[in-house]
Trainee: 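One structure, as structure tokens, below. Some questions next.
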Number of protein chains: 2
Amino acid sequence: MADPEIRLQEMLSKLKDRALRITPQRLAILRILALSAGHPSVEQIHEKVRVDFPTTSLATVYKNIALLKELGEALELGFTDGSNRYDGNRPYPHPHLVCLRCKEIIDPDLSSLADVTAELSQETGFLILSHRLDFFGICSACQSMEKQGEPAKKK
Amino acid sequence: MADPEIRLQEMLSKLKDRALRITPQRLAILRILALSAGHPSVEQIHEKVRVDFPTTSLATVYKNIALLKELGEALELGFTDGSNRYDGNRPYPHPHLVCLRCKEIIDPDLSSLADVTAELSQETGFLILSHRLDFFGICSACQSMEKQGEPAKKK
DNA sequence: TTTTCTGCAAATGCTTTGCATGGGA
DNA sequence: TCCCATGCAAAGCATTTGCAGAAAA
């Protein structure tokens, strides 16, 4: 994982380049996305921002996420069940491993990924530009907890 | 690709098992999904059904797709830009290769995929149950057409 | 002071649902 | 005949947009 503080500085410098303003709400959203603990949803970001700035609206969260996507500083993970989640820590395409039990999303290392894209290009003649790779399963913590019948707690 | 005729028969027998009815509209939707040429969207399915049954409503298309998903006979490919597409020919998780130019979606063979899931399990302790793998790029036909400035035509 | 940002509410766009009518089996 | 399926319209939901007032710079 990238250092959240460095990511925050990167985001801030992109904003300064474009002469965009650093409001308290915006800064709070940036901090949450720079960390991207567990890959938060819009609702989760909204709730966290509201702790410090209770008047923050959902629209503001959406607008800031849209801005960061446009700047290439946040990655959107769209799921069909209406639960989009975001990653501002590593805002470029990379594989995700989703626990179906506790909903945590982790970023695995995957050295064999290069072999896959090579095989695809060679086989199909495609010029591969991007990808979206999600694996679903049960994390080791939830496998151990299986007997207790509840998902593993987030740290 | 699975034989579309065999896929259609498989779908029909699932419906008969549950004593569900074979209406003309339903049969038309089944045929389109059994073939899944290019992985159609809801709108594309609707238009094709309307050729033979002009009164068919969007709601009917949605209801039948939901039924097939429930029966495990159709796979939904959700994209964030509000363009879900469906595969009833291979209704189980498998990699897709999406051309960003002509929007065609193809199903590549990918022998190196097994290595990837093995690496993931070993590295993270996850029990991998499913996946969603999409690669985005430009197909070879569209690469050739690039000078003409328009996407390759579907066959 | 200027211009962007916020926050509210209304508008979107896709999908689902309720219900009366139609039509398989 | 019995119910499931269709088709219409209304409802849902996440997200986007318009706009007036608030607040960065």
Side-chain angles (χ1 to χ4, degrees), chain A residues 11-33 39-71 73-86, chain B residues 11-33 39-71 73-86:
Chain A
M11 291 174 172
L12 287 172
S13 73
K14 277 273 182 79
L15 293 176
K16 284 169 192 159
D17 288 349
R18 296 221 189 171
L20 298 169
R21 294 172 183 172
I22 314 297
T23 64
Q25 297 94 325
R26 175 166 288 171
L27 183 59
I29 294 167
L30 258 53
R31 281 191 196 286
I32 293 163
L33 282 168
H39 299 69
S41 65
V42 170
E43 274 302 343
Q44 288 170 334
I45 295 168
H46 189 215
E47 283 165 24
K48 286 187 185 177
V49 175
R50 284 230 193 202
V51 173
D52 292 315
F53 307 98
T55 65
T56 308
S57 69
L58 253 183
T60 294
V61 178
Y62 276 110
K63 282 170 187 167
N64 278 286
I65 288 174
L67 175 65
L68 289 168
K69 281 196 288 181
E70 190 190 313
L71 295 175
E73 295 295 318
L75 181 71
E76 183 177 67
L77 306 180
F79 295 103
T80 27
D81 62 343
S83 68
N84 288 357
R85 310 208 18 198
Y86 297 87
Chain B
M11 291 175 172
L12 288 171
S13 73
K14 277 272 182 81
L15 293 176
K16 284 169 192 159
D17 288 348
R18 296 222 189 171
L20 298 169
R21 293 172 184 170
I22 315 297
T23 64
Q25 297 93 326
R26 175 167 287 172
L27 183 58
I29 293 167
L30 258 54
R31 281 190 196 287
I32 293 163
L33 282 169
H39 300 68
S41 65
V42 169
E43 274 303 343
Q44 288 170 334
I45 295 169
H46 188 215
E47 284 165 23
K48 286 187 185 178
V49 175
R50 285 230 194 203
V51 174
D52 292 316
F53 306 99
T55 65
T56 308
S57 68
L58 253 184
T60 294
V61 178
Y62 275 110
K63 282 170 187 167
N64 277 286
I65 288 173
L67 175 65
L68 288 168
K69 281 196 287 181
E70 190 189 312
L71 296 175
E73 295 295 319
L75 181 71
E76 183 176 66
L77 306 179
F79 295 103
T80 28
D81 61 343
S83 68
N84 288 357
R85 306 200 32 191
Y86 296 87

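A note on names: the letters A, B, ... follow the listed sequences, proteins ahead of strands, and every chain is numbered from 1. Note: hydrogens, waters and symmetry copies are ignored here, and every other heavy atom, side chains too, is used.
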Trainee: Starting from the 5' end of DNA chain C, give me the residue, Leu20(A) or Asn84(B), whose nearest nucleotide shows up first.
Mentor: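 It is Leu20(A), whose closest nucleotide lies nearer the 5' terminus.
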
Trainee: Rounded to whole Å, please give me the gap between CG in Leu12(A) and P in dA24(D).
Mentor: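 My rounded result for the distance is 15 Å.
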
Trainee: Evaluate the side-chain proximity of Ile65(B) to Asn84(B): yes if any heavy-atom separation is below 4.5 Å, no if none is.
Mentor: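 A side-chain contact is absent here, since even the closest heavy-atom pair is not under 4.5 Å.
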
Trainee: Which atoms form the tightest heavy-atom contact between Leu58(A) and Glu43(A), and what is the distance?
Mentor: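 Heavy atoms of Leu58(A) and Glu43(A) come nearest at CD1-OE2, 3.7 Å.
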
Trainee: Any side-chain heavy-atom pair from Asn64(B) and Gln25(B) closer than 4.5 angstrom?
Mentor: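 SC-SC contact between Asn64(B) and Gln25(B) ruled out.
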
Trainee: Can you list every salt bridge (charged side-chain N to carboxylate O under 4.0 Å, His left out) pair that touches residues 17-30 of chain A, not counting sequence neighbours?
Mentor: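 The answer is Arg18(A)-Glu70(A).
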
Trainee: Suppose we screen for salt bridge (Lys or Arg N to Asp or Glu O under 4.0 Å). Which residues come up paired with Lys63(B), at least two apart in sequence or across chains?
Mentor: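 Per chain and number, Lys63(B) pairs via salt bridge (Lys or Arg N to Asp or Glu O under 4.0 Å) with no residue.
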
Trainee: Could you check if a side-chain atom of Leu30(A) sits within less than 4.5 angstrom of a side-chain atom of Leu15(A), using non-hydrogen atoms only?
Mentor: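 Leu30(A) vs Leu15(A): side chains touch.
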
Trainee: Using chain B heavy atoms and a threshold of under 4.0 Å, write down where along DNA chain C the contacts begin and end, 5' to 3'.
Mentor: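 From 5' to 3', the first and last contacting nucleotides are dC14(C) to dA25(C).
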
Trainee: I'd like to know if the side chain of His46(A) reaches the main chain of Thr56(A), judged simply by a donor and an acceptor atom lying under 3.5 Å from each other, with no hydrogens or angles considered.
Mentor: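 Yes, His46(A) side chain to Thr56(A) backbone: donor-acceptor pair under 3.5 Å.
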
Trainee: State the CZ-CG distance between Arg31(A) and Leu12(A), to the nearest 0.5 angstrom.
Mentor: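 With rounding to 0.5 Å, CZ (Arg31(A)) is 8.0 Å from CG (Leu12(A)).
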
Trainee: What closest approach, in Å, do Ile29(B) and Val61(B) show between heavy atoms, and which atom pair accounts for it?
Mentor: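 In terms of heavy atoms, the two residues are closest at CD1-CA, 3.9 Å.
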
Trainee: If we only count heavy atoms from C-beta on, is the Leu67(B) to Leu20(B) side-chain gap below 4.5 Å?
Mentor: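 A side-chain contact exists here, since the closest heavy-atom pair is under 4.5 Å.
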
Trainee: Measure the angle between the two terminal helix axes of the helix from dT1(C)-dA25(D) to dA25(C)-dT1(D), five base pairs each, and quote it to 10°.
Mentor: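 Between the first-five-pair axis and the last-five-pair axis there is 30°.
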
Trainee: Can you list, by residue number, the residues of residues 21-31 of chain A that have a non-hydrogen atom closer than 4.0 angstrom to DNA chain C?
Mentor: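 Contacting residues: Arg21(A), Thr23(A), Gln25(A), Arg26(A).
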
Trainee: Which residues, if any, of residues 45-66 of chain A bring a heavy atom under 4.0 Å of DNA chain C?
Mentor: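 Hits under 4.0 Å, by residue number: Thr55(A), Thr56(A), Ser57(A), Ala59(A), Thr60(A), Lys63(A), Asn64(A).
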
Trainee: Going from CG on Leu75(A) to NZ on Lys69(A), what distance comes out if it is rounded to the nearest 0.5 angstrom?
Mentor: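 Rounded to the nearest 0.5 Å, the CG-NZ separation comes out at 10.0 Å.
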
Trainee: Can you tell me how far the CZ atom of Arg85(A) sits from the CG atom of Leu77(A), to the nearest 0.5 Å?
Mentor: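 Answer for the CZ-CG pair, Arg85(A) versus Leu77(A), is 8.0 Å.
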
Trainee: Are the side chain of Lys14(B) and the backbone of Glu73(B) linked by a donor-acceptor contact shorter than 3.5 Å?
Mentor: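 No: the side chain of Lys14(B) does not pair with the backbone of Glu73(B).
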
